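Inspection log for the structure reproduced underneath, given as structure tokens.
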Amino acid sequence: MPELPEVEIVRQSLLKNIKGKKINKVLVRNRNLRFKLETSFEKKLKNKFILNIKRFSKYLIIELANKSFCIVHLGMSGTIHILKNKRGNLPTNTSFYNSPNLPKNHNHVEFFFKNMKLVYNDPRRFGYFQFLNNSNSLKKKFKNFGPEPFDKKFNPNYLVNYFKKKDKNIKNFLLDQNFVSGIGNIYASEILYLSKINPSLSAKYLKKNQCINIVINSRKILKNAIKKGGSTIRDFKNTRGDQGNFQKEFKVYGRDKQNCKRFSCSGKINKITQSNRSTFLCEMCQK
DNA sequence: AAGAGGCCCTGATAGC
DNA sequence: TGCTATCAGGGCCTCT
């Protein structure tokens, strides 16, 4: 589910709820996440205070009081739920991950706080937790990652230079976390639509002004998605947690065979496959 | 050595 | 109704 905006929504929710709190206990029900959770994980977190919750790309970074860190990646289907003890004292308007009706299965990890617990649910188990001893390990973890779209390093010149002699289509570049961090399959399609660029175009052919558009539109779309509370694709019928609202604003994603939303464009939206992942584009305005 | 594809896993949905 | 096939928002690993 989560691309940068969705992870940011979760971060904001965690900030409100668990910043400054002490982790009294960690319970692991299933260690077999994307990477096997080390057996000492619980011990390393127990009795630690949470100083801050940061985010880089699609990763949550829980900063602990002794300068160690806990990284959380939500994979495709990971969600975090915050449950409070007292009836009627559930968090409201924090994020669509807050679920009064916790799913029955796949609650793999729980953090216990005073009067509250955090539950990590992940049916597909593509997500993971990782404990890092110090800020050096943290640096190392992200050293090969490209800048986030909001970073001033992500500018038109960076794109132009990066694309030189590279024979890869622009859609796959937007998904390439070494090039740019935080964009996933949904927003990649949306960014290229807004930029009127064909996703199959080899990046080396992109003109400077197209690179400018990609930079501007990446920021615009991600910012707007954060503002709207992220995107919720699968519906949360069984929960009363908030959902995101940005999916209502998708211009191409999931709109196969429908009309282009651009005023004065009579094109239809096509679904194509690139590197085994679906891409949506308008046949007319993304020629 | 860049880039494509397979694969990890479960669940929802479509088609028969 | 119940089977099977396909697909899903990520990213690591392997192969060419």
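Per chain, numbering begins at 1; letters A, B, ... match sequence-line order. Computed from a prediction, not measured in an experiment: that's the story for all the values here.
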Give one of base, sugar-phosphate or nothing for [X], where a contact means two heavy atoms less than 4.0 Å apart.
X      : result
A:K165 : nothing
A:N105 : nothing
A:Y253 : sugar-phosphate

So, for [X] and [Y], is the gap between ring centers shorter than 6.0 Å?
X      : Y      : answer
A:F145 : A:F142 : yes
A:F131 : A:F41  : no
A:F280 : A:F250 : no

Counting only pairs under 3.5 Å, give me each side-chain donor-acceptor contact of residues 196-208 of chain A, with atom names and distances, residues two or more places apart or in other chains.
{"residue": "A:N198", "atom": "OD1", "partner": "A:S200", "partner atom": "N", "Å": "2.8"}
{"residue": "A:N198", "atom": "ND2", "partner": "A:Q286", "partner atom": "O", "Å": "3.0"}
{"residue": "A:S202", "atom": "OG", "partner": "A:D167", "partner atom": "OD1", "Å": "3.1"}
{"residue": "A:K208", "atom": "NZ", "partner": "A:N157", "partner atom": "OD1", "Å": "3.2"}

Looking at [X], I'd like to know whether one of its side-chain N or O atoms comes within less than 4.0 Å of OP1 or OP2 on [N].
X      : N      : result
A:H106 : B:dG11 : yes
A:S189 : C:dG9  : no
A:S278 : C:dA8  : yes
A:K58  : C:dG10 : yes
A:K271 : C:dA8  : yes

>> Rounded to whole Å, how long is the line connecting atom CG of A:L175 with atom P of C:dG11?
In response: 9 Å
> Could you state the CG-P distance from A:D122 to C:dA8, rounded to the nearest angstrom?
Replying inline: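 It works out to 18 Å between those atoms.
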Answer yes or no: is there a side-chain heavy-atom contact under 4.5 Å between [X] and [Y]?
X      : Y      : value
A:E38  : A:K44  : yes
A:S231 : A:Y187 : yes
A:R55  : A:I61  : no

> Between the base of B:dC9 and the side chain of A:R124, is there a donor-acceptor distance below 3.5 Å?
Replying inline: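 Indeed, a donor on one side and an acceptor on the other fall under 3.5 Å apart.
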> Any donor-acceptor pair under 3.5 Å joining the side chain of A:R277 to the base of C:dA8?
Replying inline: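 By the distance-only test, no, there is no pair.
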> What distance, rounded to whole Å, do you find between the two P atoms, one in C:dG11 and one in B:dA12?
Replying inline: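 Rounded to whole Å, the distance is 23 Å.
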> If you measure from the P atom in B:dG5 to the same atom in C:dC7, how many Å do you get, rounded?
Replying inline: 15 Å
> Under the criterion side-chain hydrogen bond (donor to acceptor under 3.5 Å, both in side chains), which of A:K168, A:K166, A:K171 is the partner of A:D176?
Replying inline: A:K168
Looking at the side chain of [X], which of [options] is the nearest nucleotide?
X      : options               : value
A:K168 : C:dA8, C:dG9, B:dG3   : B:dG3
A:K166 : B:dG3, C:dG10, B:dT10 : B:dG3
A:N172 : C:dG9, B:dC9, B:dA4   : B:dA4
A:P123 : C:dG11, B:dG3, B:dT10 : B:dT10

> Where are the stems of DNA chain B, defined as at least 3 consecutive Watson-Crick or wobble G-U pairs with both distances under 3.5 Å?
Replying inline: B:2-8 with C:10-16, B:10-16 with C:2-8
>> Would you say the base of C:dG11 stacks on A:F126 (centre-to-centre below 5.5 Å, plane angle below 30°)?
In response: no
Listing time: all N or O pairs from protein to nucleotides 12-16 of chain C that are below 3.5 Å?
{"residue": "C:dC12", "atom": "O4'", "partner": "A:R34", "partner atom": "NH2", "Å": "2.8"}

